[in-house]
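Everything below concerns the one structure shown next.
Naming: A, B, ... by sequence-line order, numbering from 1 per chain.
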Amino acid sequence: MPPYQPAPRSPSRKGASMSRYTAAEIEPKWQKAWEEAGVFTATREGGKPKYYVLEMFPYPSGRIHIGHVRNYTMGDVIARYKLSTGHNVLHPMGFDAFGMPAENAAMANGGHPKDWTYSNIDTMVSQMKPLGFGLDWSRMFATCDPEYYGQQQALFLDFLEKGLVYRKNAVVNWDPVDMTVLANEQVENGRGWRSGAVVERKELTQWFFKISDFSDDLLSALDGLDNWPAKVKTMQANWIGKSRGLQFSWDLTEAHEGFEQIEVYTTRPDTLMGASFVGISPDHPLAKALEAKDPKVAEFCLEARKGGTTEEAIETAEKLGYDTGLTVSHPLDPDWKLPVWIANFILMDYGTGAIFGVPAHDERDNEFATKYGLPITPVFEPVEGDYPAKGAFVPPKPDRVRFTRPVAGAEVMTGNEAIDAAVEFCEGKGIGEGVTKFRLRDWGLSRQRYWGCPIPVVHCPECGVVPEKKENLPVQLPYDEGGKPIDFSVPGNPLDRHPTWRDCACPACGAPAQRETDTMDTFVDSSWYFARFTSPRAETPIDMAEAEYWMNVDQYIGGIEHAILHLLYSRFFARAMNETGHLPQKSREPFDALFTQGMVTHAIYQTEGKGGRPVYHYPEEVELREGKGFLKDGREVEIVPSAKMSKSKNNVVDPVAIIDQYGADTARWFVLSDSPPERDVEWTAAGAEAASKHLARVYRLAAELADAPANEAEDGALLRETHKAIHDVTGGIESFGFNAAIAKLYAFTNTIAKSKAGSAAKAEALKVLAQLMSPMTPHLAEEIWTLLGGEGLIAHADWPVADPALLVEDTVTLPIQVNGKRRGEISVPKDMDKAEVEKLALEVENVKRTLDGAQPKKVIVVPGRIVNVVI
RNA sequence: GCCCGCGUGGUGGAAUGGUAGACACAGGGGACUUAAAAUCCCUAGCCGCAAGGCGUGCCGGUUCGAGUCCGGCCGCGGGUACCA
């Protein structure tokens, strides 16, 4: 509903009625005008340059939250600005609509994920529309629309044909009580969130995208992403993790179960002489062979597989090891025997699933060796200073160290030199080979869940795994089971136990077969939606002509929390789509510029519930007194400050109340002011009032503009200030300095309010003010524009351009420092020469007093900036 | 654990290596009003009567000059491959 603003309780005594900016009337009026004029409908007409601005689309959690408002307002500022600088703008919106919360809701409250999701989408659209975003709503879709996920299935089939999809085993979190797969989020301290059972790692056959085919490309192409934040590129580069090292084998002293060797990969072959043990993953084939024969090994492996699958859980778990009793001989000294341990911290997914431990130069190996009494043998020491008293000595690779037990090379060299020398030496000796490896793993896309895009393949007893025919797409999710609503309260995947949905004919031979019951990771859905927005109703994944015109995304905006996964997967998808003929070559990198906005955070209020698990309370339920929080029943809550707003933590702030009370423009102005867009902001409702007052003041300045004669000096001064404001605000918008742009708009408003210029000059200044504000507060801007006789819609007006001649100042104020401390200032012509500035600076009373007769050693004059007198 | 950020008045924050605290919020004072609301004006980092001193998480360094660059800490946040 449109917001409501109360009228003043009594009219002003001064006769002239007070002008009110009434958001409730003004905002719907202009929204209707924009819609009727089709201002934000993206078209390819007019031979104008195109601009595609996109904000990461939301998950339909049920209500929009303040983080959405911040995100979409930023995008809207860019969209409206680009529109007024002569672009065809594409600014679409949709919903990332598959995912676990819908199933969780069905589990907790009954109902169906589909109904829950579409109802949430309706609510959120109705909450977003009053905000007046310049979006092309005609392009909207949800990823759970069969029209969308059907095309996604078509992409999957093309990827499959191209060899970009394959099946292999991978581990999942297994809840042994509920007999179901858990998401990492559903594992709390190594236990299932519902059953409380200790989670185990279990292997399943799953589908994978071959993102590793693109490791090198995804890494090296980061260099070309000039308009991406450096931190995101660094994070992605580290994630891809290109490394050079040595891959070689340790010979088992005695062959065991058909194993004669253990292959390892190391990035530090120069430390080979410091090896103390060989470690293998509990999931290593040798460990499995031993496990099958020896109950003690089986017991250890079972223990080692407990806890979640996350890297964090594995890395921070207590280091556990089991001495297999097997030994290997050292490749450089066959008489040197080392023990083979199974260790819980070795990942089967990385390298070869086996390592050799060098406790002197690796913290983790050190901890392990110390715990199990294994030898710790240094191979190098610092060139200067002492060897650390405890723990491992791990200098950065570019640092020079002195080798005491070298593999090859000079006595003193850098780690990098030593690694190169060791690789060369070992290769010469026939011990393994230097290889390049990547940390990046293939993307497992199978999910054992209902509410996702079905994987369009069929399992045939005769033909094996067969792709579904394209003409049979979409493979749709069933709504019911056997005429009854699906029961989501039963753990596990409803598709898997559905009585009829699985049954089908083999697309190849026609024999009775069964559908794949796994669905796709929701990251798949969000990896190509940006491309679909260019032709959302096409009968193929995209329409090439549309993609040629609209791609790439000129400006992508979203949360820093997506720095790695979503953005990396999208970059992969763009490449894969290009190679399967679904995107032009230029779109292999789909996002030309990226801006990562900070998150809106809010404290979490929690109390302890059953079994020690936390219960989260909404901000509305908590009363704050002296820094402590209390529930209505008097219980104190624990306050976790500044956490990401998350539906599961109940710390999401709803902006609807602010919109209702003050209107959309106030909410938009408010989320942009004060905080730099890239920084996290702790939400506080104080300040919305101030934003509202300011907008009302701007409106009054225009509405109550009194007749005044022209005044040459004052009019000229105001004109110069106007052009400075144009310059500063435009620069602020283009550089995402929205808070700085708003500060300038405050200052410019104050300037106009205080100016003694004539009414004609003031009206011109106010019209420019309206234009400069129009991307942020578009409704108010239209109203003022009309009030002051502006032609047409401000949304259609050309952006004002600053006249450089009006921006230059004739005189500047120079601060005078003595030894770096400010002692005075002088006002001088802008281009006064250095010698003269120096002379004037030394005559300043306070400077003379500070010098106290001392002769300056040096005087530094930075023209137009500062003078520093050094004594 | 590992990777990436962030840390400035009572508060949000500003500041191409060049006057730290722009612009705002809350506060204090004043004008208008019978009174209030609304509005307008003034004030304001801390210590100090002042001169001046101290100040950008902590310690050190580079520089004529450091919030900004470098090294080492501390605290907080994000990511960590099945939350999205």
At under 4.0 Å between heavy atoms, what does [X] touch on the DNA or RNA strands: base, sugar-phosphate, or nothing?
X: Glu318(A); answer: nothing
X: His562(A); answer: base
X: Leu568(A); answer: nothing
X: Ser526(A); answer: nothing
X: Phe345(A); answer: nothing
X: Val232(A); answer: nothing
X: Val869(A); answer: nothing
X: Lys693(A); answer: sugar-phosphate
X: Asn846(A); answer: sugar-phosphate
X: Gly444(A); answer: sugar-phosphate
X: Lys754(A); answer: sugar-phosphate
X: Thr522(A); answer: sugar-phosphate
X: Val862(A); answer: base
X: Trp443(A); answer: nothing

Please confirm whether the shortest side-chain N or O distance from [X] to OP1 or OP2 of [N] is below 4.0 Å.
X: Arg679(A); N: C6(B); answer: no
X: Thr234(A); N: C4(B); answer: no
X: Arg849(A); N: G52(B); answer: yes
X: Asn238(A); N: U80(B); answer: no
X: Asn739(A); N: A22(B); answer: no
X: Arg697(A); N: C40(B); answer: yes
X: Thr310(A); N: U80(B); answer: no

Side chain of [X] (C-beta onward), nearest among [options]:
X: Asn173(A); options: A84(B), C82(B), C25(B); answer: C82(B)
X: Glu561(A); options: G78(B), U19(B), G1(B); answer: G78(B)
X: Glu311(A); options: C23(B), G1(B), A84(B); answer: G1(B)
X: Glu312(A); options: C64(B), U80(B), C23(B); answer: U80(B)
X: Arg823(A); options: G53(B), G78(B), C40(B); answer: G53(B)
X: Leu565(A); options: G18(B), A84(B), C83(B); answer: A84(B)
X: Met100(A); options: U39(B), C83(B), U80(B); answer: C83(B)
X: Pro815(A); options: U80(B), U19(B), C83(B); answer: U19(B)
X: Lys858(A); options: A84(B), C23(B), C64(B); answer: C64(B)

- Task: Using whole Å, report how far CG of Asp399(A) lies from P of G72(B).
- Result: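 To the nearest whole Å, that distance equals 10 Å.
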
- Item | Whole angstrom value for the distance that separates P of A84(B) from CD of Glu103(A) |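 My rounded result for the distance is 10 Å.
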
- Task: Would you please test Asn173(A) and Thr309(A) for side chain to side chain donor-acceptor pair (under 3.5 Å) and show each step?
- Result: CA-CA 6 Å; Asn173(A) 300 306; Thr309(A) 57; 3.3 Å; yes

- Scan Ile860(A), Val869(A), Val870(A), Asn868(A) and name whichever one has a side-chain contact (heavy atoms from CB on, under 4.5 Å) with Gln817(A). Asn868(A)

Taking [M] as the reference, what is the distance to [N] when you measure between their [atom1] atoms (whole Å, please)?
N: C40(B); M: G48(B); atom1: C1'; value: 34 Å
N: C49(B); M: G60(B); atom1: C1'; value: 38 Å
N: U43(B); M: G9(B); atom1: C1'; value: 15 Å

- Message: Check the orientation of Phe572(A) and Trp443(A). Use parallel for under 30°, tilted for 30 to 60°, and perpendicular for over 60°.
- Response: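 Ring orientation of Phe572(A) relative to Trp443(A): perpendicular.
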
- Evaluate the ring planes of His566(A) and Phe523(A), with Trp represented by its six-membered ring, and classify them as parallel (under 30°), tilted (30 to 60°) or perpendicular (over 60°). parallel

- Check the pair Lys210(A) / Asp442(A) against salt bridge (Lys or Arg N to Asp or Glu O under 4.0 Å), numbers first and verdict last. CA-CA 5 Å; Lys210(A) 268 197 118 181; Asp442(A) 276 334; over 6 Å; no

- Within the 6.0 Å centroid threshold, strictly below: Phe573(A) and Phe209(A):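 So the answer is yes for these two rings.
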
- For Asp496(A) and Gln448(A), does a side-chain donor sit closer than 3.5 Å to a side-chain acceptor?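 No - no donor-acceptor pair under 3.5 Å links their side chains.
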
- Task: Report yes or no: do Asn169(A) and Thr205(A) form a side-chain donor-acceptor pair below 3.5 Å?
- Result: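 Thr205(A) and Asn169(A) do have a side-chain donor-acceptor pair below 3.5 Å.
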
- Query: Got a donor-acceptor pair under 3.5 Å from the side chain of Gln448(A) to the base of C82(B)?
  - Reply: yes

